[in-house]
Structure formats: structure tokens, C-alpha cells
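As a basis for the values below, the full set of heavy atoms in this structure was taken, side chains included, without hydrogen atoms, waters or symmetry mates. Source: prediction; values computed, not measured.
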Amino acid sequence: MAQEHPFAQYVRILGKGKKGSRSLTREEARDAMGMILDQQIRPEQLGAFLMLLRVKEEAPEELAGFADAVRARYQPPQGIQAAIDWATYAGKKRHLPWFMLTALLLAEQGTPVFMHGARGHTAGRLYSEDMLSLFGIEPCRDWTAVDGALNDSGFAFMSIDRLCPPLGEIIQLRSILGLRSPVHTLCRMLNPLDAEVTIDGVFHPPYAPMHQQTALLLGTQQAVTVRGDGGEAEVKPDSDCELHWILNGELSTGVWPRLYPQRLVKDEQLDPEDLLRLWRGEIDHPYGEGAVISTLAMVLRLLEPDQPVDTDRLIEQARERWARRDRRRF
């Protein structure tokens, strides 16, 4: 009689039907993800595991356990510091990734940003990593390069393919499985440099509280999950934007008010060069500038969590910071 594979227990927990199945505990999730990362499972088990989780919808305790396993195996060297961890895994389709300018502005003005993400898993989208060359930025191949980039410019980007190669491979299974897997959520939660502030985005509303609760389980004190444009952490300037906060370890939700009273006309074609042109002040782009300012104001709220909420003041601060950018930097 064939001996049962050790990983089969975790597939069985998830797949015993409506009455028999349950979520994994944090410890079970950590052990299961550890076996996946250590390549101790069969491909059939991985597909079954990911899709059973997808149907059930991952629980915060499961995501925290998965993150525990990744952190135990793919830990960066000590001493690399960033103020903000910015996850970018969705890609943009309707608008350019204007939030990239917000991140670069924060870095220029003394708030180091570590950005990580994936690309290529969904056709027809613009990914953050592909925008870097516009600004003369190279994605970091290792943690030594991350440390150097943060020290030199205050901004570093690392692909999940470098940060945790097995997760990068699993993300690319989307075209095989036909659905995103819980790994897309997991990657957003990693915060490998243990930055005090974390920023991520979602497209589907039910995922926002899941991200928020997972970040709290992982010890994050200041965080925001944005139901932003295209699933990225970008505040839409022409519509109210739903935000899920962690401020000083306390959970809250709110709506960030729109900057413009009416919807703006969407660009007929997306030209990534417009990111550079807007930074340099060569074009007038109300949506792009509004997205940069609104997103920056949201981040400023995270950077001063003890201050009373005053969106008008934060928007004005963001406008002033944007006006002070070095237009000749890129």
C-alpha cells in the first residue's frame, strides 16, 4: 500500500467539502509553505493546494503562516533599512502607474522606499519594473544592490523573482491555472526589510480587510491597503477611494476624498514616457498629477500617525512637496 505523502494532509484539510474542510492554522500554513519552498511536494499537490485556497479564500492566519515560512528562508542581511515597503504586483491597464512618481518623490525627499513586485503574469498590463528604465534605475539583483540603491538614492526595486524565486515561479502559473493564486496576496505581505510603514493595493473589495488583518498579525504598526486603480496602491483623484489603515497598531477604514469633483477623461493611449514628462514639468496632466498628490497625501498620513486626520492639510503638504521636486533629476 502506498504511503501517504506528508503534504497530503494539508490538501485534505482544505478539500474535505463544505462541512469537513477548514482553514489552516498559522503553524500548519507555515509548515505547508515551507514544504513548497523547499520543493518537497509534487506539482499536482501544488495546483490542488493553491486552487482549494483560492475557492475558500485565504485567511489572515494562513497568510501570516506563509509569510513566516518565506521570512525564515529568504531573510535579507541585517542593517538594510527602508522607511516604506511598497508592494506592486497588479500592473496597470486603464492608467499609467503614476504612483511610481510618488515613491520616487518620497525617496528624493528623505524617506527611503523599498519596492517589490512581479511582472508579465497578466497580458495587457504595465508593470512597475518595466517603468524603471525611464528613470535610469536598474532593478536590484541581490540585497547588496538594494542596500547600495537605498543609500545612494533612497529608492530600490527588487523583483519577487530575486526576492523569493519559488514565489516568482508560482505567480507565473496564473496563465496555466486560469486564476490568480493566494501567492499574489502573500507577496504583498512580505515586508522583508521590516519597514515601519507598508503600502499595498487590491482590486477586489473582500481582500482589503484580509490584507489589513494579515499585516497586523505580522506586527506591522503603520499600513494602508488601497482599493486603488487597477489593484495598485494608487489613490484615484477623480473618485472617492476606500482605504484600510493600520495606525499605531489599530485597525480602521475610511474613504479618501476625491481631488476633482468630476471624472476625468481617460487617455486614449498610455505612453509611459508621460511619467517622465510629468516629472520634468513638460506636460499638463491633471489625472496624473492628481494621482501623485493624492497618493502622496495618503502616505504622509502614515508617516505622521499621531497627528489628527486633516486631509486638506495633507493635500496641501503633498502639493508643496511635489512642487519642490528636482525636475532635472531624471
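Listed by first and then second residue, the side chain to side chain donor-acceptor pair (under 3.5 Å) pairs involving residues 39-51 are H5-Q45, R42-E44 (not counting sequence neighbours). Residues in residues 176-211 take part in these ring pair (Phe, Tyr, Trp, His ring centres under 6.0 Å) pairs, two or more places apart or across chains: H121-H184. Among residue pairs with one or both ends in residues 34-77, those qualifying as ring pair (Phe, Tyr, Trp, His ring centres under 6.0 Å) are F7-F49; sequence neighbours excluded.
R325 forms a cation-pi arrangement with W322, by the criterion of a distance under 6.0 Å to the ring centre and an angle within 45° of the ring axis.
Ring pair W143/F114 is tilted by interplanar angle, where 30° to 60° counts as tilted. Using cut-offs of 30° and 60° for the angle between ring planes, the W256 and W245 rings count as tilted.
Residues that satisfy the side chain to side chain donor-acceptor pair (under 3.5 Å) test with D147, not counting sequence neighbours, are N151. For T225, the side chain to side chain donor-acceptor pair (under 3.5 Å) criterion is met by D200, not counting sequence neighbours.
Note on R313 versus E304: salt bridge recorded, some NZ/NE/NH1/NH2 to OD/OE distance being below 4.0 Å.
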Quiz item: For T102 and T295, what are the C-alpha separation, side-chain angles and deciding distance, and is it a side-chain hydrogen bond (donor to acceptor under 3.5 Å, both in side chains)?
Solution: CA-CA 7 Å; T102 300; T295 305; 4.6 Å; no

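Side-chain atoms of F155 and L105, non-hydrogen and from C-beta on, never get closer than 4.5 Å to each other.
Taking the six-membered ring for Trp, H116 and F157 have ring centres at least 6.0 Å apart.
Under the 3.5 Å distance criterion, with hydrogens and angles disregarded, a donor-acceptor pair is assigned to the side chains of T185 and E58.
No option in R30, R73, R26 other than R26 meets the salt bridge (charged side-chain N to carboxylate O under 4.0 Å, His left out) test with D68.
Clustering of Ile, Leu, Val, Met, Phe, Trp and Tyr side chains at separations under 4.5 Å places L251 together with L216, I246.
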